[in-house]
4 protein chains.
Amino acid sequence: MPRSTNQTRPAPRKAPKQARSLETVAVIVEAAARILEERGHDGFSTNAVAERAGVSVGSLYQYFPSKDALIGALVVRETSLLVEDTKKACAQSTGQAALSAFIAACIAHQFRRPQLARLLDYEEARLPFDADTQRVGRQIHELVIEMLAKSDLPALEDPDLTARETVAIIKGIIDAAGQHGDADTDALAGRVQRAAFGYLAIGPG
Amino acid sequence: MPRSTNQTRPAPRKAPKQARSLETVAVIVEAAARILEERGHDGFSTNAVAERAGVSVGSLYQYFPSKDALIGALVVRETSLLVEDTKKACAQSTGQAALSAFIAACIAHQFRRPQLARLLDYEEARLPFDADTQRVGRQIHELVIEMLAKSDLPALEDPDLTARETVAIIKGIIDAAGQHGDADTDALAGRVQRAAFGYLAIGPG
Amino acid sequence: MPRSTNQTRPAPRKAPKQARSLETVAVIVEAAARILEERGHDGFSTNAVAERAGVSVGSLYQYFPSKDALIGALVVRETSLLVEDTKKACAQSTGQAALSAFIAACIAHQFRRPQLARLLDYEEARLPFDADTQRVGRQIHELVIEMLAKSDLPALEDPDLTARETVAIIKGIIDAAGQHGDADTDALAGRVQRAAFGYLAIGPG
Amino acid sequence: MPRSTNQTRPAPRKAPKQARSLETVAVIVEAAARILEERGHDGFSTNAVAERAGVSVGSLYQYFPSKDALIGALVVRETSLLVEDTKKACAQSTGQAALSAFIAACIAHQFRRPQLARLLDYEEARLPFDADTQRVGRQIHELVIEMLAKSDLPALEDPDLTARETVAIIKGIIDAAGQHGDADTDALAGRVQRAAFGYLAIGPG
DNA sequence: AATGAATGAGGTTTCATTCAT
DNA sequence: AATGAATGAAACCTCATTCAT
């Protein structure tokens, strides 16, 4: 039997319903995050997620048409936070300042939930996401291109490639640090900057 | 997907004593590589591998005590090639030359079979390998530490961390290039060097 | 034959909450009984049980976490009937009357489904059951100790051993009769009493 | 392929060959006993037996046409020892003396290898043995009939049934004692006699 | 005779997904 | 809308038995 029967509800009828749905969706997505963190990709099952979320599998499938769609939603949720911070970083006046802020955002993102971040990177690479999900993923790419175009940075032959590889460097180091359990984020930021700026052929300083 | 036990002994269960066996083992491992490339982690099943190898599942399990052991053997096979090249790189007289050679080796390794390399990186991180398998993985780490200790490079506070992150940078860029299908390995080598040397605070030169 | 793990939790995995479930559980257990009777231990497979029960394997595993758990449930179901009758037997005022009633109960139990009774004895000895299941098995033992302590019977040095062996004698003869197809339960009861009372050093009377 | 090819048979040449074969057979049967004791019915596999015996599976199948035939041979080997002792017991002049000697023989038999004895009882009941194997099993039955016919014991209405049940009683108690680890065989013998003689309606003494 | 690599049917168990209630 | 029982394809792995060497 459902959590609460939900019948009568006059005047402001639909708003609350939506609110409830939104909350249910959020609960499910967070449960998915926990299960993924705790059990890894192979231990991640829709039944486990539903149980952890305190809803029935049926409800889960009411909100997400498939397991991969649920993972996609989780990717979107996690990436969105980083996108927001990346937008702010992009608002910095110089390219170097923007990149530094972006690196700091990536580190913050990674250290919030290291396991989750790592596993979702893998899922993101693996899944043929729908347009929405991919778009969120691409937003960061576009923003980095924008940063790299700022006037204090050298002009680029192939901005697309450079942005892609810059992100790869940054993620690579940060992931390694996260996996190993390093805790000194300031020192890490310095090292990541050295690598990124070196790659971009920006002299130190 | 049924769970595999994860208490892996990747060493072949039985030391093949006949020529036929050795060939069978090789055939199975190569089939595993192909299946992994073509179908990814989720599509990788022991039945599929056996069928592709042209042997029965029973034969597969005669040589590999579990699915994960098979993956372990594949990791060892692939990594061994890179280890050999890394040893040669390490024999260079200067650190910069050694690193450059190492980067070239990584690129060659990655471009041989990009999908495979990427997926095995993931498996390597995921699996709790036994001592033998891990050793192969650690060998590269140790060799990089050795390279970084050469006299032309700045002294390091934490060689372990630096080696780990250097490898992460190199793999990060190369993976990204491999995923995207970039073909110009010389240019790629230059970019990877810029990032690695920048990270190591070695001025361009 | 693939090994089952032997770390049994025979309690149903999920407490059935709907009437349908209860019936499904009962249907599965009865199907298990039939398959065991008809095909023996080696022919007893979860697929066969599910098919005979008219449910899918998945349903079977929804209620029983393993094959052995299912056997455990069957042991409990069958033994429970005998436990009830043994309790009634134990309520008799004299020890001799109680034992005679117990013997009659054992005979009735055995003749209801001779094959099943015999095979479950074997399973009971083989399986490392959890506390609940073992308790059902031990109840009979405790009740027999209680019977043997009644004042009309000789005092015992080692009630535990005596109860164990008394039950062994009774089961031994009855099993032999059941295996051979003897049908005269009254005569059988007499012979069992002679053996049991002889063992207990109670003169014929 | 049959148990042994058995064709030519010249003068002295074959003696060594036969000796070797006999020894191999004995080694395999003993290995079977050990595996059964250590791993139980479900862990008993022909591959394990061959390995333990230090021969190839192929050789095992040269001497035993099937797994069940191997178990049958083990049953015969174990039972034969008891048959010999039962024959000696049967040579006693009185029935009571014969039965007492038989009981002692059964106890000795059971305590030699308790696990093995118990598991083979089960196999014996389960398997549809070939004529040879069954005959060995029946020999004891016949010998007990002979004992029961001796003049100091009451005449029997149904010697077949009585012998069967007498053996069941004796085995029942002794098994129970063996399973529980009781070590005092003299006291056990006394209790078994009380039960058996009680069953046979022979007063104590 | 002996070997042991190979076979493959079959066993146990999981889990994404559906649908009657 | 929600529930959760039910489904069944498919995964991993074993082992009795065969047969080329």
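Chain identifiers are assigned alphabetically (A, B, ...) following the order of the sequence lines, protein sequences preceding nucleic acid strands; residue numbering begins at 1 within each chain.
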Closest to the B:N47 side chain: F:dC12, E:dT7, E:dA16? F:dC12
For residues D:R34 and D:R113, determine if any side-chain heavy atom of one lies less than 4.5 Å from a side-chain heavy atom of the other. yes
Hey, which sits more toward the 5' end of DNA chain E by its nearest nucleotide, B:G54 or A:G58? B:G54
Ring geometry between B:H41 and A:H41 (parallel below 30°, tilted from 30 to 60°, perpendicular above 60°): perpendicular
B:Y61 OH to E:dG11 C1', straight-line distance once rounded to whole Å: 13 Å
Measure from the side chain of B:S66, starting at C-beta and using heavy atoms only, and say which of F:dC15, F:dC13, E:dA16 lies closest. F:dC13
Nearest-Å distance for atom pair CG/P, residues B:D42 and E:dC15: 12 Å
Please determine whether a side-chain nitrogen or oxygen atom of D:Q62 lies at a distance below 4.0 Å from atom OP1 or OP2 of E:dA2. yes
Looking for any heavy atom pair under 4.0 Å, which part of the strands does C:V57 touch: base, sugar-phosphate only, or nothing? base
Indicate yes or no: at least one non-hydrogen side-chain atom of A:T46 is less than 4.5 angstrom from one of A:Y61. yes
Can you tell which of F:dG8, F:dC12, F:dA2 lies closest to the side chain of A:Y63? F:dA2
With a 4.0 Å cutoff (strictly under), does any side-chain N or O of C:S56 reach OP1 or OP2 of F:dT7? yes
Report the distance from atom CD of B:E23 to atom C1' of E:dA6, rounded to the nearest whole Å. 14 Å
Expressed as a whole number of angstroms, how long is the span from C:F64:CZ to E:dT12:C1'? 16 Å
Less than 4.0 Å between a side-chain N and a carboxylate O, is that true for C:D121 and C:R126? no
Can you identify which nucleotide, out of F:dC13, E:dT3, F:dA16, has its nearest atom closest to the D:K67 side chain? F:dA16
B:S59 side-chain N/O to E:dA5 phosphate OP1/OP2 under 4.0 Å: no
Please state how far atom CG in C:L70 lies from atom C1' in E:dT13, giving the value in whole angstrom units. 13 Å
To the nearest 0.5 angstrom, please state how far the CD atom of D:E78 sits from the CG atom of D:L119. 11.5 Å
Heavy atoms only, 4.0 Å cut-off, all strands: where does D:F44 land among base, sugar-phosphate and nothing? sugar-phosphate
Is a side-chain donor-acceptor pair under 3.5 Å present for D:T24 with D:S21? no
Spacing of A:L60 atom CG relative to E:dT18 atom C1', expressed in whole Å: 13 Å
note: A:H41, atom NE2; E:dT14, atom P; distance rounded to Å ~ 17 Å
Are D:R77 and D:E30 within salt-bridge range, i.e. N to O under 4.0 Å? yes
Looking at A:T46, I'd like to know whether one of its side-chain N or O atoms comes within less than 4.0 Å of OP1 or OP2 on E:dA16. yes
Would you find a donor on one side and an acceptor on the other, under 3.5 Å apart, between the side chain of D:T79 and the backbone of D:V75? yes
Could you spell out the base pairing of DNA chain F as a dot-bracket line? Use Watson-Crick and G-U wobble contacts where both distances are under 3.5 Å, [ ] for crossing pairs, | for partners on a different strand. .||||||||||||||||||||
Looking at F:dA6, I'd like to know if its phosphate oxygens (OP1 or OP2) sit under 4.0 Å from a side-chain N or O belonging to C:T24. yes
Rounded to whole Å, the CG-P distance (A:D68 to E:dC15) equals 15 Å
